[in-house]
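All chains are named by letter (A, B, ...) in the order of the sequence lines, taking the proteins before the strands, and each is independently numbered beginning at 1. Computed from a predicted model, the values in this text were never measured in an experiment.
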Protein chains: 2
Amino acid sequence: MKNLSQKCILVSIFAQNVKSYRLQQGLSQEQLAERAGVHRTYIGMLEREEKNVTIYNIERIAIALGLEAYQLLKSKND
Amino acid sequence: MKNLSQKCILVSIFAQNVKSYRLQQGLSQEQLAERAGVHRTYIGMLEREEKNVTIYNIERIAIALGLEAYQLLKSKND
DNA sequence: GAGATGCTAATCATAGTATGTAGATTCATG
DNA sequence: CATGAATCTACATACTATGATTAGCATCTC
């Protein structure tokens with residue numbers, strides 16, 4: 001799943017948002033992973049734009065960050 | 001992937017939005033599928049909440065409907 | 001009959017999950 | 001200063017569960 005960002009803008013936006021909100025809340029990848037019920041390395045892969053995440057995991061991560069899911073798909077400069 | 005909606009609210013919201021926006025634009029499932037570059041039955045499966053769609057296909061369908069992707073994840077009564 | 005949708009099943013590609021290693025950073029503590 | 005422990009992250013695989021895609025037939029409405 002290399003170069004996914006070239007094909008899909010959303011993957012990139014999602015990655016940036018997850019990392020941004022996570023750091024904003026002072027969470028490590030591992031802490032966020034535990035809250036969301038996913039594996040430690042999975043969060044890293046998402047932030048590196050290596051995975052084509054599904055809507056179910058978008059929801060889990062949004063909840064773990066205390067956000068509405070659509071916020072993770074919204075470009076911050078809009 | 002039955003009873004997906006019980007575990008994931010977003011699947012249900014996404015399904016309702018796709019159907020709602022599609023009908024609003026007077027498109028058949030087949031017409032939307034062609035625009036989005038997916039198969040006819042796949043749109044049907046999404047609208048019936050049978051699939052855990054990936055972010056890449058969310059983007060394709062959003063583009064086909066002339067929408068921003070986040071709009072498909074946003075509950076209409078907010 | 002024609003068009004649209006539901007539904008099943010089957011195959012192929014890949015998302016989800018996990019393990020292990022390595023490098024970078026921070027922070028004590030001698 | 002060292003240097004050693006602890007934490008965080010990147011990265012390389014690998015397995016298996018399931019998402020993506022297609023074909024075929026049924027149902028329903030007009």
Between C:dC7 (P) and B:Glu47 (CD): distance, integer Å: 12 Å

d(CG, A:Leu46; P, C:dA15) in whole Å: 11 Å

If I take atom CD from residue A:Gln24 and atom CG from residue A:Asn17, how far apart are they, to the nearest 0.5 angstrom? 10.0 Å

When rounded to whole Å, the CG to C1' distance for the pair A:Asn52 and C:dA15 reads 8 Å

Is it the case that the side chain of A:Glu49 and the backbone of A:Ala15 share a donor-acceptor pair, with hydrogens and angles ignored and the cut-off at 3.5 Å? no

Salt bridge (charged side-chain N to carboxylate O under 4.0 Å, His left out) pairs, two or more places apart, involving residues 21-45 of chain B: B:Arg22-B:Glu47

Of residues 18-44 of chain A, the positions that come close to DNA chain C - non-hydrogen atoms, cut-off under 4.0 Å: A:Val38, A:His39, A:Arg40, A:Thr41, A:Tyr42

Any B:Asn57 side-chain N or O less than 4.0 Å from OP1/OP2 of D:dT21: yes

When rounded to whole Å, the CZ to P distance for the pair B:Phe14 and D:dG19 reads 13 Å

Let me know the distance between CE of A:Met45 and C1' of D:dA10, rounded to the nearest Å. 11 Å

Nearest-Å distance for atom pair CZ/P, residues A:Arg60 and C:dA15: 16 Å

Quick one: B:Tyr56 OH to C:dA15 C1', roughly how many Å, whole number? 15 Å

A:Ile55/B:Val53 under side chain to side chain contact (heavy atoms under 4.5 Å, CB included): CA gap, chis, key distance, verdict: CA-CA 6 Å; A:Ile55 196 170; B:Val53 66; 4.0 Å; yes

Where is the tightest heavy-atom contact between A:Ile58 and A:Leu72, given as atom of each residue plus distance? O-CD1, 4.1 Å

Write down the distance between NZ (A:Lys51) and P (D:dA10), rounded to a whole number of angstrom. 16 Å

Counting only N and O atoms by type, is there a donor-acceptor contact under 3.5 Å from the side chain of A:Asn52 to the main-chain atoms of B:Thr54? no

For the helix from C:dG1-D:dC30 to C:dG30-D:dC1, what is the angle between the axes at its two ends, each from 5 pairs, rounded to 10°? 40°

If you count the non-hydrogen atoms of other residues, nucleotides and ligands that lie under 6.0 Å from CD in A:Gln71, is the total more than 12? yes

Can you find a heavy atom in the side chain of B:Gln29 that is under 4.5 Å from one in the side chain of B:Leu32? no

Please check if the side chain of A:Gln16 supplies one atom and the backbone of A:Ile13 the other of a donor-acceptor pair under 3.5 Å. no

